[in-house]
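A note on names: the letters A, B, ... follow the listed sequences, proteins ahead of strands, and every chain is numbered from 1.
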Amino acid sequence: MKILVAVKRVIDYNVQIRVKEDGTGVVTDNVKMSTNPPDDNAIEEAVKIKEAGKATEVVAVTVGEEKAQETVRKALAVGADKGIHVQADGILEPLAVSKILQKIVDKEKPDLVFMGKQAIDDDCNQTGQMLSALLNWPQATFASKINVKDNKLEVTREIDEGLETIEINVPAIVTCDLRLNEPRYASLPNIMKAKKKPIEKIVVSELGVDISPRLEQLKVEEPPKRKAGIKVANVAELVQKLKNEAKVI
Amino acid sequence: MAVLLIAEHNNKELKPFTLNAATAASQIDAEVHAVIIGQNSTDAAKQLSELPVIKKVLSVEAAHYENFTAENYSPIIIKLAKNYSHIICSANTFGKNLMPRIAAHLDTSQVSDIIKVISPDTFLRPIYAGNAFATIKSKDEKKCVTIRPTSFDPCESTGGSASIEKIDASEEFSNTKFIKREEIKSDRPELGTARIVVSGGRGMQSGDNFKLITEIADKLGAAIGASRAAVDAGYISNDHQVGQTGKVVVPDLYIAIGISGAIQHLAGMKESKVIVAINKDGEAPIFSVADYGLEADLFEALPQFMEELNKLNTIQK
Amino acid sequence: MMSRESMEYDVVIIGGGPSGLSTAIKLKQLDSNLNVCILEKASEIGAHILSGNVFETRALDELLPNWKELNSPIKTKVNKEKFLFLGKTKSLSWPTWLLPSVQKNHKNYIISLANLCRWLGEQAEALGVEIFPGFPANEILYTEDGSVKGVVTQDMGIDKDGNKKDSFEPGIELLGKVTVFAEGCRGHLGKQLIKKFQLDKGKDPQQYGIGFKEIWEIDEKNHEEGLVMHTAGWPLDNNTYGGSFIYHAENKQIFLGYVIGLDYKNPHLSPYDEFQRFKTHPDIEKIIKGGKRVSYGARALIEGGFQSLPRMFMPGALLVGCDAGTLNMPKIKGSHTAMKSGIIAAETINEHLKENKDLSIFEEKFNISWLHKELYHARNVKPSFSWGLILGIIFTGIDQILFRGKLPFTLKHKHADHDTLKPANQMSKINYPKYDNVITFDKTSSVYLTGTNHTDNQPVHLKLKDPNLPINYTLEKFDEPAQRYCPAGVYEVQKENEVNKFVINSQNCIHCKTCDIKEPSQNINWVTPEGGGGPKYGNM
């Protein structure tokens, strides 16, 4: 079995986001970037499945600017065998990314595609589902447990009500939750080895997909600051206000 | 063209967030139709028809809809989509799982998790975990939009009488099989989705004292939260932590007790609809975001709070 | 002892700051076949770098003479200078012609040192240097004859009780023919080397300061790109050494900071709050009013200079930059001197490897360099301020303007900074104003801007030699000053059921090392946390 894992380069989750004064987006210059956290879980799971002898190859793919390949390099350092970097600049909507990934799937013919459930920058939560629609493959989103059985996967999904278990036939898409596993650290010798692993570079225009944006981002702004309300004199007044004024209890 | 709302239900009754999504749909266009896809879901369909904002209900029944899988839902919605300008549902795990599958088939760039309808093609949505808001205009002919339920009030649930039209099911998607759903049966709601959260901070002074909070949470049917300081001090386990490195919560009511309001904590709860702060330090930053602040010693205030709650005839759950 | 994997290099460099990167670049220029690697504890080069910074290009001109053509982040030339003595509400502008020449900056540039390091990192990588960010060096390795043979990187995946987690990844040995320690001020390995090899024998005790920096985006009308301003005086009293800097950089940003000598005596003093209060001075407030604070950070700096500078060579290793203490205090600059020390280190190592010369030739090279001359001339300024601000200024005027640092005597640093605190009951409490969250901010909101984090469930990296000392002794005698000298709110004394408890919020740590320096009993030992932990500074 061959597993393709999609990874995205995003602003590190520890960095406090700063909105640009001109409202065109957020500041990214000299800001620490990292792999989207649940994408790390996706890589980890793929590598674990390979280590368990149930997969033969793990391919990491990213779509984005030149430096996005750092995320592929990191995936190679924790066990991916091969990398693909689709070079594309500017804003890419999930629809465009899923069309690009569809082309990569056509080319690489993986049995499974893994990725994080959501990117922590645009918070869209779309790409995996869109890719499975385009491929007409089954999808298992928000996976917190994956059990590989022959040509099927049993996946436990984190849903609002609790947990849901589904069984999907391969080929399939899985989007990963942070609870799926604990990603390993890249060791120094593996980082050195990763430098020698191949990363195939594809310029997005070679793929012949329409990636033109369908959404126009009119403005990015800071969320409004919450204003202080009132101070109440005592507990009785507080409960009365919550009951009759705010109507929340 | 009308707006199509995808109802979320459990075959017996509507899930509450459907009402919030209906409100958002009605803000886009007055003509809101709703589709309900399930198995033996006629009661839920009837409930849907009683929402005054819904003008027409489309009901689809088949065994393979029993468990709401996106793979089975999407073909029928795609078929219906030709008559609608917008497809709407909640941005909870149900809608998040489903909508992109529809959008991709319609070749539409989805707008996820909106918190405001600015115009039928322009929406406000949080990005970077709510640290920025983006105003997004969709240029697609058909728009697929998921809405953040807590940002829209639920619509009226009675008084409507929309017609219910039965439509034919589409084929089953055979590569996905539902096995089971384990709903977490707890007397206490999940922190992430609770309507009310009662949180304690370092002001609680010990893990034992958290029982004062537990009592109130039981009474209110609330989840229990905590600040990082309280977690680090070992008063409570870290799955209760609210804030930047814990959970982000947006309940209707957030009660912060003995929490000073470090910015990391505020990041996790400041979108709550109503915030109450109880703290003896009148200068604590938490008061700058609280709708109702009570400057008091929590060890006196909490027993009184319990007493006052006991006096109430009814408490919303 | 667990057996570890090892990797061999010609030269292993600890720390990707100005000195370490300069060492690496110079080495590869001298011999491109040398295998050189740099270990950096931050998640990327630059993320733990914080500095003013008005940059003198002298060392860079030597290292990369064509830096102007290499798209370097050195853009804003200093075009105007001001020096103010602040009273509580008034200020007195000091004519710049009366400033010692070391404090004149007209040939210098206002830069972000973090960005300069990122750029130097790119230059180094282009020359073939291996850079490993996220890998702290945790332990020094010695050969049987006692010379340094390399370091061990931090073990990853240890839980807070010291057990291995599933993700455990053992550190590896990095062995170098020469190891260069370039950790910056108060490096935790440098500290061990100084002790082991008695590198500070015959030297004065080292002196430190704590520096704060905020970046503000300010109103266009208040911004004068290229303006460098320093202040002395308020809010510090005459006996506390310190002052501010305000550098007007590009993009309507100013770099606003404050430095306080860690030889202060009053345990009630809170350096953080002095800095916050400083911003409320009318002459400062008017600059930042209507602006927005975008960054915050703090770092200890090394101020002892010539008298305190330890021997920088030892068997198998060199100690460079602020890890040794090459900062020029009257110039308030340490970047060019750190870089120069790195260049000298590289030349030394090259001859050592090629011609088998002893590493002690570092000292000969150092002694004939401009670096030595510069530090020698600057030597008497900082100690003269132990007589107070006014006498210090008068003496400095005589020493630096009339004699240009050539007075035939050397003042001594008398005390180590951890020895200077007076008992709390003998010193007056200081009432700091409340934060307004417009100009002044509480510590936690400030720490939030640093992006610092340390993954949960790892051992606390701030080790107490005696865990009971803070409550049983330091609280009583000094009102536990860690609560105040820590710029990140790591240390708190908290009452729990009427019992005092010393709390270490180690995840807040921004790696400034102040606690390691100032703790009166030297009870706190700063060690490296898991790699990648600590602040995520942008253009600091």
Pairwise distance CD(B/Q205) to CD(C/E498) - rounded to 0.5 angstrom: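 Output value for this atom pair is 7.0 Å.
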Taking atom [atom1] as the centre, does [X] end up with more than 12 heavy-atom neighbours from other residues, nucleotides or ligands that are less than 6.0 angstrom away?
| X | atom1 | value |
| --- | --- | --- |
| C/K429 | NZ | no |
| C/D166 | CG | no |
| C/K289 | NZ | no |
| C/E476 | CD | no |
| B/K137 | NZ | no |

With a 4.5 angstrom heavy-atom cut-off, is it the side chain or the backbone of C/K443 that approaches chain B, or both, or neither? neither
Name the region of C/N437, side chain, backbone, both or neither, that has any atom closer than 4.5 Å to a heavy atom of chain B. neither
For a quick test of reading the model, state the closest non-hydrogen atom pair linking B/R228 to C/N453 and the distance between them. NH1-OD1, 4.2 Å
If every non-hydrogen atom of C/V503 is compared with every non-hydrogen atom of B/R202, which pair is closest and at what distance? CG1-NH2, 3.9 Å
Taking non-hydrogen atoms and a cut-off under 4.5 angstrom, which of residues 504-511 of chain C neighbour chain B? C/N505, C/Q507
Residue part contacting chain C, namely of B/A229, when any heavy atom lies under 4.5 Å: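 Interface part for B/A229: neither.
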Contacts of type salt bridge (Lys or Arg N to Asp or Glu O under 4.0 Å), residue C/K279, not counting sequence neighbours: C/E214
